[in-house]
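Below, chain A is the first sequence line, B the second, and so on; all start at residue 1. Here the structure is a predicted model, which means the values were calculated and not measured. In what follows, every heavy atom counts, from backbone to side chain, and hydrogens, waters and symmetry copies are set aside.
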Amino acid sequence: MTGLAVDDAAWASAWRRRAPGDKMLLCGGLVVTALVLPAWPGSALVGAVVVALALGPARVPARTFLRAARWPAAFIAVGAVTAVVEVGGGGGPGWAPDAAARAGSLVGHALAGSAAVLLLATTTPMSDLLPALRRARVPDAVVEVASVVYRLLFVLLGSLHTIREAQTARMGYSSVARSYRSSGALAAAVLTRSWDRARRMQEGLAGRGMETGLRVLPEVLPSSWAFLAGSVAGPAAIVVASSVAT
Amino acid sequence: MHIAEGFLPAGHAAGWTIAAAPFVVHGARAVVREVRENPGSTLLLGAAGAFTFVLSAVKLPSVTGSSSHPTGTGPGAILFRPPVMALLGTVVLLFQALLLAHGGLTTLGANAFAFAVVGPWTGYAAYRLTRAAGAGLMPAVFAGVALADLATYVTTSFQLALAFPDAESGLVGGLLKFLGVFAVTQIPLAIGEGLLGVLLFRVLTVNARPELERLGV
Amino acid sequence: MSHRTLAARGLVAGYERGRPVLDGATLTVPAGRRLALLGANGSGKTTLLRCLAGRLRPTAGAVTVDGQPVAYSRAGLRTHRQTVQLVLQDPDDQLFSASVAQDVSFGPLNLGLDEAAVRARVAEALHLLALDPLAGRPTHQLSYGERKRVAIAGAVAMRPCVLLLDEPTAGLDPSAVAETLAALARLQENDSTVAMSTHDVDLALRWADEVAVVVDGRVVQGAPEVLLADGDLLARARLDRPWALGVGARLRALGLLPAGPLPRDAGGLLAALPPAPLVRS
Amino acid sequence: MSHRTLAARGLVAGYERGRPVLDGATLTVPAGRRLALLGANGSGKTTLLRCLAGRLRPTAGAVTVDGQPVAYSRAGLRTHRQTVQLVLQDPDDQLFSASVAQDVSFGPLNLGLDEAAVRARVAEALHLLALDPLAGRPTHQLSYGERKRVAIAGAVAMRPCVLLLDEPTAGLDPSAVAETLAALARLQENDSTVAMSTHDVDLALRWADEVAVVVDGRVVQGAPEVLLADGDLLARARLDRPWALGVGARLRALGLLPAGPLPRDAGGLLAALPPAPLVRS
C-alpha cells in the first residue's frame, strides 16, 4: 500500500464518525492545556490522557501512534539539548545551571502538545478537516486546492514508489552519483505526471459540469454533547489537578 | 527539521504566525485570483502542492551514507513563484503536520515563515540575481534551490535562538548553537538539494519544454 | 432521464501528425440498445467518444441527440453534458475527492440541486453500481476495479440519458467484469442508454446489440454476428474474430447446432450443443 | 545469461489490515518453461512477483535461485537483480527518460558497462521487442502498447536469467498482445526464462507450459489443462474456466475430437475438428 500510516489510522479509527469539530475542540483544548500548564504535572497529565484516549476509545494502533511520534521526538530531543547547552562564558560548552529543569519542561510541553496533535491526526482524515477551514473563512479556492493536494498526493506517492522501485531494480541507486541522477529523473517524472494528471482531470471534471469550483457534499457527522462535555471537562480537570499538585 | 508542536513558547508561536500571515494571505489572494480567471487552475495548483509534498519525500542521497529529505520548496519557488509557494508551502506544512507528524499546528506559523516564506523568497531572489548576472539556467537553479534550503534552516535556527537564547551569551550565542546544529549540518544537504534541482530541471528542459515556457522559466 | 439516440455524422477530429484521427466517422447509438465500439488501440475510439460527449469539438461533421445537433455554446454544452456522460478509462483521471460519496456528489451539486436531492442521487448512483458499502471509504484505499466503478457512479449521478464508457472492463478480472456488466444492465433498465468502447471482441459479441468498428478514421456499424465474422473488416481494424463465431460456424456446418443465431459465448454454445452421451459403465 | 530456476517456499508477505496477503506461498518458475501466474485482482499476484524479484522482503519463507536462497544484503540484492527482472503493469510508472533508447540504456549504464557495450545491449533489447524503429522517439508520444514494450525492453537490457511480467497483456488490443507474445518467445529462445501474471485464463491456457493459481494467500501449481478445468479451484480463485476446455470436453464426449490433449485455442480446435462437409451446390 502506498498509504500513509497516520492517514490509514484516521480512516480506520473508532472516532472516524465523530464530528471533526468535536475532535478539534478536544485536541485543541489538550494542546493549549499542555502548553500553558507547568510541564509537571500538567503536560505529563495531558500526555497520559492523550495516549489513553488514542489507544483506548479511539483504537489507534499503538505501533502507528508510537512510530509517528518518533519524528517530533527526535526534533524535541535535539532541540532541547541544544537549548540548554551553554556556549558563552569561558571553558567551552557546558550545561546551563538549570539545564535539567529547563530541558524537562521543554520536552514535557512539546511531547504532550505533539501527542495531542497526533491524536487529532490519527482520528480525523484530512478531508474532514478541510471543510473546517472553509468555516474559518479561508477562501473556497484555497480549500479546493488543498483538497486536490490531498487526493493527488496518494496518486503521486504511488508513482514515486513504483518509479523508484523500477529504478532500484535497474541498479539506479548503486552509487551516490547514480542515486542523484535517478532522483533527479524521479522528481522530473513525478512533476510531469502531476501536470498530465491535472490536465486530464480537468477534462474529466468539466464533463461533470465543473464551472466555478470543486464543491462536494461533506458527510454529515453529528456532534455529540457527551463528547463535547468531556472535551471541556477533561482539560479543565487536568488544570485543576495540576494546580492542586503544585 | 520542522519545529515540533509545543516547542515554542506561546508568544513566539503567535508572533511567527502573525509574521507569516501577510505572505500567506497574499499567496491566497493570488490563488483566488488565478482560480477565478481560470477554474481549471485549481487542479494545476493542487498538482503543484502535491508535487511539493512528494518531492520532500524523495530521499536525498548523501555522501556520508545517511540520507535526508529535501525541503522541496526551491523548485516550486522557481516554477510557481514565491507568492503562490507561500500558500502551497503552508498547505504542505499543514499536511506534513497532520499526515506525517512533522511540525505542528501552533508552530505552523513559525514553520511557514521559514519553509514557505523565507526559503522560497531567498531561493527565487538567488535564482533571479544569478540569471541577471548572466549565468545560465542551471547555475541559477542550483543557487536558487540550494539557498532556499539553507535559508529555511537558518531561519529555523534564528527562531529557536530567539525562543531559547543562550544563558550566558544571549541571542548571539543561541544563534550560533542552533545554526551549528540545524544549519551547518544542512550545508551538504543544501548542496545536495541544489544538485537535485539541477538534475530535475535538466530533465524538464528536455521532457517538458512547453510547460517550462508557459511558466516563464 | 430517458433513452435518447445519440449520433455522429461525418466527424473529422483529432489531428495527429497532420492527419485527422477521425475522418468522416458516422455512427448511431440507438436509444435503449447496447452499442460496443470496437477498434485497436490508437484507432480513434477515445477521440470519437470525446466528440460524442461534447468534450472535443469536431472540425467537421455534427453530433446530434434525437436528431438535434449539439450547440457548442456554453448553454448548449451544459445541456449536452446533462444528456451524455463519458467515463474515461483511467479512474484516477476522474476521481478528485477524498471519499467515494463526496466524489459522486460533485456532478449533482454542479447541476444546482439542493442538498437532499444531491444525497438522493448519490445514494441511487452508488446503489446502481453496488458501491453502497464503500460510500464512506477514502478513494485512495480502493482497488482499481472499485475506483473504476466509482468513476462510473460519478457519471451516473448526473442521470445521463446516454452513458459512454471508454474500456470499462480493461484491466479488470473476470468477477469485476461481471460486476461491471451487471451494473450496466441495471443502468439500461433505469433508462440510460449504454455504449462502451473495447477491443475485446469476445466481450463485444456476448454483450452488444450492435457493434461499431472504428477503422481508418471511419466507422462501420452493424449486427455483431455479421461484422465480427467479416474477416476482411477485422483484419483492417487489427482485431481478432471472436472464437465463438469461428467455432460456431464450423459446428453448424457439422450439423451440431440448431438453426437460428449462433451462440455468443461458451455457456450459450454448451447449451446449444447436443448433451454428452451417457458413459457406459 | 542462461535459464535459471526461480522458486519461492512458504512466503509470508504484504500485510494488509492485519492479514498477510501471501501466507505460505510456494511456487517454482522452472528454468526454460513458461509459467503463467493466475489470480483475481488483489489476490497477491503482484506481491508474489515483487518478492520473487527481491523488491519486497518476505517476513517468512525464502526465495531461491537454482536452490540458493537470496541474500538480502546489498551485494546479495545486486546479484539477484541481475538475475531476475520484473516489469510491472503500468508502463508510465517505469519509464522516466526522455527517449526510448535513453530509457532502455538506464540499466546497462548503471551496471558500469562501457559505451559500446551499453549501445549493444540497447540495440539487442530493442530488437528483441521489435522496437528498433522507435529508438529515437520520445516515450510520451508512444501508444500504450508500445510503452509497455519499452518497459519490457528496459528490463531485458539487464540480460536477466528470469524475466517476470505483471499483466503484460492487460489493456492491449489483439495485435499488440500478439506482438508482445512474439517478443516473449524470442526472449525465451534467447535464454531468459519468462513468467507472467494474468487474469486472462484463455491466454494462460494457450501460452503457458505450467500455471500457478494464487488463492487465499497460497499457490496451487500444475498443468494448465488440469488446473484450469478444476471448477472448485477456479471458483475459489474467482476465475473463469477457459472456454476451450469446457467446449473441448463436450466435443470430445461427442466423439468429435481425436485422443490426446484438448486444443487450447480457437485455431487448435478448428484444426482438430472434422472439416466442414462440402456444401452441395
Heavy-atom pairs under 4.5 Å with chain D - which of C:Gly267, C:Gly42, C:Ala253 has more of them than the others?
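Heavy-atom pairs under 4.5 Å are most numerous for C:Ala253.
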
Looking at [X] and [Y], what are the two nearest heavy atoms and their distance?
{"X": "D:Ala40", "Y": "C:Asp173", "result": "CB-OD2, 3.3 Å"}
{"X": "D:Pro174", "Y": "C:His199", "result": "CD-O, 3.7 Å"}
{"X": "D:Leu254", "Y": "C:Pro275", "result": "CD2-O, 3.6 Å"}

Proximal component of D:Leu270, with respect to chain C [non-hydrogen, under 4.5 Å]
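Both backbone and side chain.
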
Which residues from residues 231-248 of chain C are near chain D, with near meaning under 4.5 Å between non-hydrogen atoms?
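Hits under 4.5 Å: C:Arg238, C:Leu239, C:Asp240, C:Trp243, C:Gly246, C:Val247.
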
Distance-only donor-acceptor pairs under 3.5 Å for side chains of residues 211-225 of chain C, two or more places apart:
unit_1   : atom_1 : unit_2   : atom_2 : d
C:Gln221 : OE1    : C:Thr28  : N      : 3.0
C:Gln221 : NE2    : C:Thr28  : O      : 2.6
C:Gln221 : NE2    : C:Glu210 : OE1    : 2.9
C:Glu225 : OE1    : C:Arg264 : NH2    : 2.9

The criterion is ring-ring contact (aromatic ring centres under 6.0 Å, His included); which residues satisfy it with C:Trp207, sequence neighbours excluded?
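C:Trp207 satisfies ring-ring contact (aromatic ring centres under 6.0 Å, His included) with no residue once adjacent residues are dropped.
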
Checking C:Leu273 against chain D: side chain, backbone, both or neither under 4.5 Å from a heavy atom?
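Both parts, heavy atoms under 4.5 Å.
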
So what's closer than 4.5 Å to chain D heavy atoms on C:Pro274: side chain, backbone, both or neither?
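Both parts, backbone and side chain.
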
For the OH atom of D:Tyr144 and the CD atom of C:Glu167, what is their distance to the nearest 0.5 Å?
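That separation rounds to 10.5 Å.
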
Applying side-chain hydrogen bond (donor to acceptor under 3.5 Å, both in side chains), can you list everything that pairs with D:Arg50, at least two apart in sequence or on another chain?
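Expected list: A:Glu165.
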
